[in-house]
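These notes are about the structure you will find just below.
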Amino acid sequence: MRNSSLEDFQKYLCQTSPQPLGIEVERASGVYIFDRSGKAYLDFISGIGVANIGHGHRRVLEAISQQAKKHLHVMVYGEYVQEAQVKYARRLTGLAPVEDGVVFFCNSGAEAIEGALKTARKFTKRSKFVAFHGGYHGDTFGALSAMSSKYYRDAFEPLLPTFGFLDFDNLDALAQIDSTVAAVLVEPIQGEGGVRVPRPDFLPAVQRRCNETGALLICDEVMTGFGRTGKFFACEHWQAKPDIMCLAKALGGGLPLGAFIGRREIMRTLSENPPLSHVTTFGGHPLSCAAGLAATEVILDEKLMDRAARIGNDFLETLRGVFAGNQRVCDIRGLGCFFAIEFNDEAAAEKFVAACRQRGLIIGWTLHYTTIVRMAPPLVISHDELAQATEIIKSAIQEVK
Ligand SMILES: Cc1ncc(COP(=O)(O)O)c(C=O)c1O
């Protein structure tokens with residue numbers, strides 16, 4: 001069979017945008033993606049928050065190979081004792097700031113959100129949910145219902161009617177959370193909302209209001225987890241202790257995996273009245289669990305969360321220096337290795353992203369704002385590679401003046 005091409009990609013795969021990036025991937029290794037022509041791209045978005053330890057890490061590949069020799073899928077989730085799942089669940093519950101937590105493995109971030117919402121409703125027997133403007137939690141019906149953006153909702157209405165939306169980072173708005181609310185769903189740092197780092201007292205105030213009203217606190221750490229922001233989980237910056245935490249992306253070390261981790265007493269509800277009311281065939285696939293555990297051990301062994309904090313701080317300063325006095329840029333922000341450059345207009349942001357890509361640096365917009373450019377490099381990125389990215393950024397910005 002002949003090699004697949006961009007033309008075949010457009011012909012045979014459902015297209016999700018009129019202008020896909022269309023890089024023809026040959027292979028990926030460390031912080032680089034290589035295309036068919038051999039051109040190397042620095043992956044400065046980590047495959048959107050997945051490749052926190054870089055692409056194709058040796059320890060992850062070994063773990064996949066070991067597990068593949070033992071078994072692949074053997075049974076739907078929750079029936080057989082599968083060592084890969086059990087080991088990873090043990091590790092995750094030790095890391096997550098969820099008191100006496102247990103893990104439900106699924107396949108993706110959106111599935112983790114769906115599971116968390118269903119569990120919260122079943123446990124509290126309350127119908128309403130609260131989420132925040134600028135949030136993004138995935139594209140299934142329930143997860144999409146948790147996004148306020150009319151732009152993305154309109155074509156799919158009617159969505160779940162029981163969501164209310166509050167302004168992110170606004171303490172006054174929290175009074176609207178009351179005892180009819182099953183759960184409050186929040187990203188500790190909004191990712192697709194433009195890498196918005198809230199004021200230090202925001203998440204503690206959300207937690208306090210949840211405690212006062214009996215609403216569960218669900219933290220969506222799908223994008224912010226696994227060392228990205230300088231702590232293993234972003235909610236640790238503010239000592240939050242969610243009732244349920246949603247994970248995916250870097251959780252699987254490059255393979256598909258999602259999870260929600262909740263307090264045992266809450267999660268118990270899934271096994272009764274009726275039992276089997278939330279199940280999945282492939283959730284917690286043994287290959288994904290083995291890969292995810294190996295990736296997590298790399299993050300811990302190499303203290304990549306501390307590294308993310310250190311190199312992230314330095315790189316933020318570098319970015320501020322590079323863009324100082326640039327009239328097209330209005331803000332540069334971030335935490336750990338999660339950065340945003342905010343442009344005054346869409347055309348400037350678009351030109352900058354294209355100029356970077358042409359020079360071999362992959363960065364991208366955020367879903368909610370075409371003026372905000374996101375950067376989230378692998379946490380293993382070397383100083384030389386960061387210097388290479390800086391030179392590309394300096395050169396690309398010349399096209400935007
Ligand atoms: C914060 C957040 N939650 C949930 C999701 C959905 O994850 P998935 O694409 O795996 O369904 C995303 C995806 O970008 C996300 O950023």
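Counting convention: from 1, in listed order, for ligands and their atoms alike.
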(request) Give the intermediate values and the outcome of side chain to side chain donor-acceptor pair (under 3.5 Å) for residues Glu221 and Thr224. (result) CA-CA 5 Å; Glu221 292 261 7; Thr224 50; 2.8 Å; yes

(message) Tell me which one of Phe132, Phe129, Phe141 satisfies ring pair (Phe, Tyr, Trp, His ring centres under 6.0 Å) with Phe163.
(response) Phe129

(message) Check this for me - ligand 1, Met223, N or O atoms closer than 3.5 angstrom, yes or no?
(response) no

(message) In the complex you have, is atom 3 (N) of ligand 1 within reach of the protein, judged by whether a heavy-atom distance drops under 4.0 Å?
(response) yes

(request) Would you please say whether a donor-acceptor pair under 3.5 Å links the side chains of Glu114 and Thr140? (result) yes

(request) Could you tell me the separation between the CD1 atom of Ile218 and the CG atom of Leu185, rounded to the nearest 0.5 Å? (result) 5.5 Å

(request) Kindly confirm or rule out a cation-pi arrangement of Arg328 over Phe343, judged by NZ or CZ under 6.0 Å from the six-membered ring centre and within 45° of its axis? (result) no

(message) Taking the ring centre of each residue, are Phe323 and Phe352 less than 6.0 Å apart?
(response) yes

(message) Counting only heavy atoms closer than 4.0 Å, does ligand 1 sit against the backbone of Lys249, its side chain, both, or neither?
(response) side chain

(message) Quick test of your reading of the structure: of Gly109, Gly49, Gly193, whose heavy atom lies closest to atom 8 (P) of ligand 1?
(response) Gly109

(request) Please could you name the atoms of ligand 1 that Asp220 approaches to less than 4.0 Å, counting only its heavy atoms? (result) 1 (C), 2 (C), 3 (N), 4 (C)

(message) Under 4.0 Å from a heavy atom of Ser108: which atoms of ligand 1 are those, numbered in the order shown and with their elements?
(response) 10 (O), 11 (O)

(message) So if I count the atoms of ligand 1 from 1 in the order they appear, which ones are less than 4.0 Å from some heavy atom of Gly138?
(response) 4 (C), 5 (C), 6 (C)

Per-pair distances, 0.1 Å, donor-acceptor, side chain in residues 268-279, under 3.5 Å, sequence neighbours excluded:
unit_1: Ser271; atom_1: OG; unit_2: Arg268; atom_2: O; d: 2.9
unit_1: Ser277; atom_1: OG; unit_2: Pro274; atom_2: O; d: 3.2
unit_1: His278; atom_1: ND1; unit_2: Lys118; atom_2: NZ; d: 3.1

(message) Considering non-hydrogen atoms of the protein only, which is the closest contact for atom 11 (O) of ligand 1, and what is the distance?
(response) Ala110 N, 2.8 Å

(request) Just jot down the ligand 1 atoms closer than 4.0 angstrom to any heavy atom of Tyr136, in number order. (result) 1 (C), 2 (C), 3 (N), 12 (C), 13 (C), 14 (O), 15 (C), 16 (O)

(request) May I ask you to list the atoms of ligand 1 that are less than 4.0 angstrom from any heavy atom of Glu187? (result) 1 (C)

